[in-house]
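By convention here, the first residue in the shown sequence is residue 1.
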Amino acid sequence: MKIYLNGKLVPKDEAKVSVFDHGLLYGDGVFEGIRAYNGRVFRLREHLDRLINSAKAIKLELPLDKKGLEQAVIDTLSANSLKDAYIRLVVTRGYGDLGLDPRKCPEPTIFIIADKITLYPDEFYTRGLELITVATKRTNPESLNPCIKSLNYLNNILAKIEAVRAGFHEAIMLNSQGYVAECTGDNIFVLKDNKLVTPPSWAGALEGITRGAVIELAKDKLKLQVSEDIFTLYNVYTADECFLTGTAAEVIPVVKVDGRAIGDGKAGKVTTRLIKEFRELTSLTGVPIYEK
Ligand code: PXG
């Protein structure tokens with residue numbers, strides 16, 4: 001396996017960063033989780049725009065421009081002869097003396113891992129997921145804006161630990177006001193009376209790339225009314241349908257939340273249709289890896 005590290009493709013065992021890297025010492029950095037399907041990188045430019053904005057927000061100067069980042073991702077995939085892959089693009093503040101001050105780090109560290117993708121079991125998509133709500137609240141957007149996809153994931157990891165301990169794969173996180181924010185690594189949608197709603201970033205949600213694609217599909221292909229709005233657990237329990245979106249998960253039906261069946265307790269019709277439309281989109285679009 002070849003890893004892209006600071007401009008070079010190096011063997012996995014040589015892909016190392018310093019213990020003085022501020023990404024490790026302070027979680028000071030940003031990242032993207034991207035997927036390639038059948039030789040195409042899904043929504044690569046949207047992922048790069050989000051990375052560029054995350055970096056801007058934390059005052060981190062990226063070592064490459066958008067074109068350069070795109071090429072680095074493509075080069076990493078082709079060096080590993082991958083057609084279907086999970087891509088982890090990470091930029092940290094870089095190597096520097098101890099202390100929070102980012103000025104201690106003269107150069108950012110950039111690396112790209114392109115690995116085989118481990119798919120969720122098929123029954124997740126047909127039978128649906130059961131969720132719980134965890135006690136860990138989503139980080140307040142006034143403290144750390146969720147639009148910044150940063151290396152600080154402890155908030156989500158604490159929620160994940162609660163979920164796993166209770167025997168669940170995913171969990172709903174509320175914000176400090178008690179409104180639904182998102183899940184530990186996925187965005188959430190509810191459908192009621194053919195209207196689709198997902199929490200806005202100001203309520204604590206990452207502006208997911210999958211979320212964005214699903215909003216477009218719901219509007220354009222399913223002619224649904226879609227809004228970004230706050231809602232409560234009551235609206236989840238009483239929804240006709242509920243589903244999650246994320247790069248790893250794609251679109252996954254939710255059939256039970258905190259012991260309440262959602263709708264008839266089976267994967268919803270609209271959700272099933274969106275899964276199909278999303279799969280079509282991922283198989284037909286994206287930046288080609290191997291064509292000129
Ligand atoms: N919310 C959070 C907190 C996330 O970390 C999403 C929503 C979904 O966003 P995208 O852009 O992926 O549609 C994420 C993304 C993993 C994994 O390995 C997790 C994510 C992405 C890729 C892989 O668990 N989370």
Side-chain angles (χ1 to χ4, degrees), residues 3-7 17 21-36 41-74 76 86-96 100-114 138-157 159-160 173 175 181-187 198-215 228 245-249 286-287:
I3 311 289
Y4 177 98
L5 178 62
N6 298 326
V17 297
D21 195 292
H22 280 213
L24 176 62
L25 287 174
Y26 303 110
D28 187 357
V30 293
F31 79 101
E32 283 297 316
I34 312 169
R35 258 175 98 163
V41 188
F42 183 65
R43 302 247 154 160
L44 177 56
R45 285 161 196 147
E46 288 83 348
H47 279 285
L48 294 177
D49 282 334
R50 188 169 67 182
L51 183 84
I52 289 164
N53 287 332
S54 293
K56 183 88 186 269
I58 70 160
K59 205 172 179 299
L60 173 64
E61 206 161 318
L62 292 174
L64 295 169
D65 63 7
K66 192 170 170 187
K67 204 82 217 130
L69 290 165
E70 185 175 323
Q71 197 56 50
V73 170
I74 300 291
T76 311
Y86 177 67
I87 303 145
R88 173 60 58 107
L89 166 49
V90 182
V91 189
T92 80
R93 192 72 67 180
Y95 175 100
L100 294 182
D101 191 343
R103 290 174 304 179
K104 292 175 187 293
C105 309
E107 303 246 355
T109 301
I110 175 167
F111 58 88
I112 305 169
I113 305 166
R138 190 76 182 89
T139 299
N140 196 324
E142 289 148 32
S143 302
L144 179 60
N145 195 300
C147 294
I148 303 172
K149 198 165 165 65
S150 84
L151 294 178
N152 290 261
Y153 256 61
L154 265 185
N155 176 228
N156 311 63
I157 291 164
K160 185 85 177 187
M173 298 181 77
N175 66 20
E182 61 178 343
C183 292
T184 69
D186 297 294
N187 290 113
T198 191
S201 66
W202 54 263
L206 173 77
E207 288 185 334
I209 303 299
T210 319
R211 171 184 180 273
V214 164
I215 290 172
E228 292 179 43
T245 64
T247 296
V287 176

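- Under a 3.5 Å cut-off, the side chain of Asp28 and the backbone N or O of His22 do not form any donor-acceptor pair.
- Listed here is the closest heavy atom pair of Thr76 and Ile112: CG2-O, 3.6 Å.
- Taken from CG in Leu100 to CG in Leu25, the straight-line distance is 10.0 Å, to the nearest 0.5 Å.
- Counting heavy atoms from C-beta on, the side chains of Asn155 and Arg138 come closer than 4.5 Å.
- Taking the side chain as every heavy atom from C-beta outward, Ile110 and Tyr4 approach each other to under 4.5 Å.
- A salt bridge is absent between Lys67 and Asp65: the closest approach of a Lys/Arg side-chain nitrogen to an acidic carboxylate oxygen does not fall below 4.0 angstrom.
- Between atom CG of residue Leu51 and atom CG of residue Leu62 there is a gap of 5.5 Å, rounded to the nearest 0.5 Å.
- Nearest heavy atoms, Pro108 versus Leu60: CB-CD1, 4.0 Å.
- Contact of the Ile34 side chain with the Val41 side chain is registered, since non-hydrogen atoms from C-beta on lie closer than 4.5 Å.
- Summarising the geometry of Phe111 relative to Leu5, their closest heavy-atom pair is CB-CD1, 3.8 Å, with the distance given to 0.1 Å.
- Not a single donor-acceptor pair under 3.5 Å links the side chain of Thr184 to the backbone N or O of Asn156.
- The closest donor-acceptor contact from the side chain of Thr210 to the backbone of Thr245 lies at 3.5 Å or more, if one exists at all.
- Across all non-hydrogen atoms, the minimal contact from Ala181 to Gly204 is CB-O, 3.9 Å.
- A 4.5 Å side-chain heavy-atom check between Val91 and Pro63 finds at least one atom pair inside the cut-off.
- For the side-chain contact (heavy atoms from CB on, under 4.5 Å) test, residues two or more places apart in sequence or in another chain that qualify with Leu151 are Phe31, Val90, Thr92.
- When all heavy atoms of Ala203 and Asn175 are compared, the pair lying nearest together is O-ND2, 3.0 Å.
- Under the rule for a side-chain hydrogen bond (donor to acceptor under 3.5 Å, both in side chains), Glu207 has no partner lying at least two apart in sequence or in another chain.
- The shortest side-chain heavy-atom distance between Leu144 and Ser150 falls under the 4.5 Å cut-off.
- For Tyr86, there are no ring-ring contact (aromatic ring centres under 6.0 Å, His included) partners, not counting sequence neighbours.
- Under the 3.5 Å distance criterion, the side-chain polar atoms of Arg93 are left unmatched by any main-chain donor or acceptor of Pro102.
- Looking only at side-chain heavy atoms (C-beta outward), Asn6 and Thr109 come within less than 4.5 Å of each other.
- Put simply, the side chain of Val214 does not reach to within 4.5 Å of the side chain of Thr198, judged on heavy atoms.
- Contact check for His47 versus Ile87: no side-chain heavy atoms found under the 4.5 Å cut-off.
- Going from atom NZ of Lys160 over to atom CE of Met173 covers 11.5 Å, rounded to the nearest 0.5 Å.
- By the neighbour-count criterion of 12 heavy atoms within 6.0 Å, atom NZ of Lys66 is densely surrounded, having more than that number from other residues, nucleotides or ligands.
- The two atoms that bring Leu206 and Glu182 nearest to each other are N-OE1, 3.2 Å, heavy atoms only.
- No donor-acceptor pair under 3.5 Å is formed between the side chain of Arg211 and the backbone N or O of Asn187.
- Ionic pairing of Arg45 and Glu70 is present here: one or more N-O contacts between side-chain nitrogen and carboxylate oxygen are shorter than 4.0 angstrom.
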